[in-house]
Amino acid sequence: MIARRALLGSASVLALPAVVRAQALFTRPVRFVLGFAAGGAGDITVRMLVPHMQAEIGQPIVVDNRPGAGGIISAEAVARAAPDGHTMYLLTTSNMAAPAFYRTMPFDVTKDFAPVGRMVWYDHVIAVNPQLPVNTLAELIAYAKARPGTLNIGSIAVGNAQHLGVELFRAMAGAPMTTVTYRSSPELITALSTGEIQVAGELLAPTLPQVQAGRVKLLAVTAPTRFPTLPDVLTSAESGLPDYIVRSWNAIVFPANTPRPQIEAMNRAIRRALGVPEIRNRLIELGGLPEASSPEELGAMIPNEVAAWGRMAQLAGIEKQ
């Protein structure tokens with residue numbers, strides 16, 4: 001009789017709505033660690049999605065910006081956190097690129113995290129200060145070659161996807177420009193808009209407001225297709241660099257060994273947030289392409305991305321530090 005009652009009790013729990021079950025799994029606020037400063041594409045995305053995600057799990061989700069070392073310090077902290085579902089990390093393409101820059105890493109991105117789900121793709125762009133007398137990527141490359149060493153191209157922190165994208169562009173275009181790095185996307189875009197640097201390689205999302213204000217000019221998106229809301233901006237392939245394709249994405253991971261129920265509940269939270277039409281439309285307006293994935297899809301994607309960014313680093317001539 002006792003066993004039968006226990007079985008019936010378990011069945012009744014499983015019959016509860018998913019939201020109720022999710023709320024039973026999280027007993028205190030969840031810390032959401034980001035490896036970069038506020039104001040970048042990932043930070044903007046997270047702060048839009050969090051209110052809808054926390055409604056799913058029944059607990060506050062506290063965003064913790066911890067910039068530095070291309071996200072390595074923050075990622076290591078999460079990898080070492082208790083695997084109880086109450087600490088998670090915004091995994092980005094920069095985490096995929098980092099092993100290409102450093103001989104040793106304090107964690108293994110393919111083993112030390114439990115994949116939850118991808119959220120958004122972000123196209124990269126090549127942008128210039130409007131005062132630079134070029135209107136296409138081909139004109140920029142020709143201008144740089146005619147004036148070797150006179151142009152500065154900006155990126156954010158050494159060791160991340162944007163930086164590797166810039167170095168790959170310089171190598172593939174044969175453009176003799178000097179790379180200048182900044183701590184954050186807002187600092188980089190400000191430097192470009194004021195003329196402190198003439199060129200930048202960055203994500204579309206944080207660049208777009210200054211483009212719309214006329215302070216920055218886009219030359220190309222570095223994705224396979226043109227961005228939906230920018231039909232007149234050519235791709236890098238259309239601009240004469242057919243092999244230069246650089247895209248970023250972000251996703252959520254827990255520390256390895258986090259129980260499956262928490263993983264599934266947070267994946268549902270992602271899907272709930274991305275299913276809100278206003279959120280999807282706003283992300284596209286801001287330069288992102290929302291696309292949720294399953295934990296399994298993300299888990300298969302991570303090692304492939306690490307390998308792909310490693311090959312890009314070799315093409316760019318990056319030497320590990």
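Because only heavy atoms are used, hydrogens play no part in the values below, and waters and symmetry mates are left out as well, while side chains stay in.
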* To do: Please check if the side chain of Lys320 supplies one atom and the backbone of Pro99 the other of a donor-acceptor pair under 3.5 Å.
  => yes

* Quick one: does Asn129's side chain have a donor or acceptor within less than 3.5 Å of a partner on Leu192's backbone? -> yes

* Structure fact -> Shortest non-hydrogen pair, Ala100 vs Ala313, comes out as CB-CB, 3.4 Å

* Check for a donor-acceptor pair, side chain of Glu297 on one end and backbone N or O of Ser294 on the other, with a separation under 3.5 Å. => yes

* To do: Name all pairs fulfilling the ring pair (Phe, Tyr, Trp, His ring centres under 6.0 Å) condition that reach into residues 56-87, sequence neighbours left out, sorted by first residue then second.
  => Phe26-His86

* Asked: Side chains of Trp249 and Glu305: is there a donor and an acceptor less than 3.5 Å apart?
  -> yes

* Asked: Is there any ring pair (Phe, Tyr, Trp, His ring centres under 6.0 Å) pair reaching into residues 302-321, and which pairs are they, with sequence neighbours excluded?
  -> none

* Of the non-hydrogen atoms in Ala220 and Leu137, which two are nearest, and what is the gap between them? -> CB-CD2, 4.1 Å

* Any pair counted as side-chain hydrogen bond (donor to acceptor under 3.5 Å, both in side chains), so long as it reaches residues 192-209, sequence neighbours left out -> Gln162-Glu202, Tyr182-Glu196, Ser185-Glu202

* side chain to side chain contact (heavy atoms under 4.5 Å, CB included) between Thr235 and Phe227: does it pass, once the steps are laid out? -> CA-CA 9 Å; Thr235 66; Phe227 194 78; over 6 Å; no

* Check: Asn281 side chain, Pro277 main-chain N or O, donor-acceptor pair, under 3.5 Å -> yes

* Asked: Are Pro29 and Ile61 close enough that some pair of their side-chain heavy atoms sits under 4.5 Å apart?
  -> no

* same_hphob_cluster(Val46, Val62) at 4.5 Å side-chain heavy-atom cutoff -> no

* Asked: Would you call Arg226-Glu238 a salt bridge at under 4.0 Å N-O?
  -> yes

* **Leu230/Leu208 under side chain to side chain contact (heavy atoms under 4.5 Å, CB included): CA gap, chis, key distance, verdict** => CA-CA 10 Å; Leu230 298 170; Leu208 198 52; 4.2 Å; yes

* Do Leu34 and Thr92 have side chains that get closer than 4.5 Å, going by heavy atoms? -> no

* Quick one: list whatever passes ring-ring contact (aromatic ring centres under 6.0 Å, His included) with Phe36, sequence neighbours left out. => none

* Asked: Where does the angle between the aromatic ring planes of Phe113 and Tyr89 fall among parallel (under 30°), tilted (30 to 60°) and perpendicular (over 60°)?
  -> parallel

* **Backbone of Asn160 reached by a side-chain donor or acceptor of Ser94 within 3.5 Å** => no

* Are Val221 and Ile245 joined in one hydrophobic group, where the rule is that I, L, V, M, F, W and Y side chains link up if heavy atoms are under 4.5 Å apart? -> no

* Asked: If Ile, Leu, Val, Met, Phe, Trp and Tyr residues are connected whenever their side-chain heavy atoms lie under 4.5 Å apart, and connections chain through other members, are Leu315 and Val166 in the same group?
  -> yes

* **Donor-acceptor contact below 3.5 Å, side chain Glu264 vs main chain Pro261** => no

* Asked: More than 12 non-hydrogen atoms from neighbouring residues, nucleotides or ligands closer than 6.0 Å to CG on Asn304, yes or no?
  -> yes

* Salt bridge Asp84-Arg28, side-chain N to carboxylate O under 4.0 Å -> yes

* **Minimum heavy-atom distance Pro255-Thr258, with the two atoms named** => O-OG1, 2.7 Å

* Arg103: what forms a salt bridge (charged side-chain N to carboxylate O under 4.0 Å, His left out) with it, not counting sequence neighbours? -> none

* Arg80 atom CZ, neighbour heavy-atom count above 12 within 6.0 Å -> yes

* Near Glu319 CD, under 6.0 Å, is it more than 12 heavy atoms from other residues, nucleotides or ligands? -> no

* According to the salt bridge (charged side-chain N to carboxylate O under 4.0 Å, His left out) rule, which pairs have a member within residues 145-159, sequence neighbours left out? -> none

* Under 3.5 Å: donor-acceptor pair, side chain of Asn267, backbone of Ile263 -> no

* Taking the side chain as every heavy atom from C-beta outward, state whether Ile141 and Ser239 have any pair of such atoms under 4.5 Å apart. => no

* Minimum side-chain heavy-atom gap Ile72-Met105 below 4.5 Å -> yes

* Asked: To the nearest 0.5 Å, what is the distance between CH2 (Trp121) and CD (Glu291)?
  -> 7.0 Å

* Asked: Just by distance, do the side chain of Ser293 and the backbone of Arg118 share a donor-acceptor pair under 3.5 Å?
  -> yes

* Could you pull out the closest heavy-atom pair between Asp43 and Ala37, with the gap in Å? => CB-O, 4.1 Å

* Gap separating the OG1 atom of Thr179 from the CG atom of Leu151, nearest 0.5 angstrom -> 11.5 Å

* Asked: Looking only at heavy atoms, what is the nearest atom pair of Ile156 and His163, with distance?
  -> O-CB, 3.6 Å

* **Distance (rounded to the nearest 0.5 Å) between Met177 CE and Glu167 CD** => 10.0 Å

* Asked: Given Leu219, which of Leu140, Val233, Val199 fulfils the side-chain contact (heavy atoms from CB on, under 4.5 Å) condition?
  -> Leu140

* Asked: Would one find more than 12 heavy atoms of other residues, nucleotides or ligands at under 6.0 Å from atom CZ of Arg215?
  -> no

* Short side-chain donor-acceptor distance under 3.5 Å, His124 and Ser248 -> yes

* Asked: With a 4.5 Å heavy-atom cut-off, do Leu289 and Arg247 have their side chains touching?
  -> yes

* Asked: Do other residues, nucleotides or ligands put more than 12 heavy atoms under 6.0 Å from Gln131 CD?
  -> no

* Asked: Between Glu139 and Asn135, is there a donor-acceptor pair closer than 3.5 Å when you use the side chain of the first and the backbone of the second?
  -> yes

* Transitive ILVMFWY side-chain link Val125 to Leu234, under 4.5 Å -> no

* Atom CD1 of Ile126 and atom OG of Ser236: how far apart are they, to the nearest 0.5 Å? -> 8.0 Å

* **Nearest non-hydrogen partners of Thr222 and Tyr244, listed with the distance** => CG2-CE2, 3.3 Å

* Are Val50 and Phe254 linked, directly or through other ILVMFWY residues, by side chains that come within less than 4.5 angstrom of each other? -> yes

* **Verdict with supporting geometry, Asn250 and Leu91, side chain to side chain contact (heavy atoms under 4.5 Å, CB included)** => CA-CA 6 Å; Asn250 59 34; Leu91 192 73; over 6 Å; no

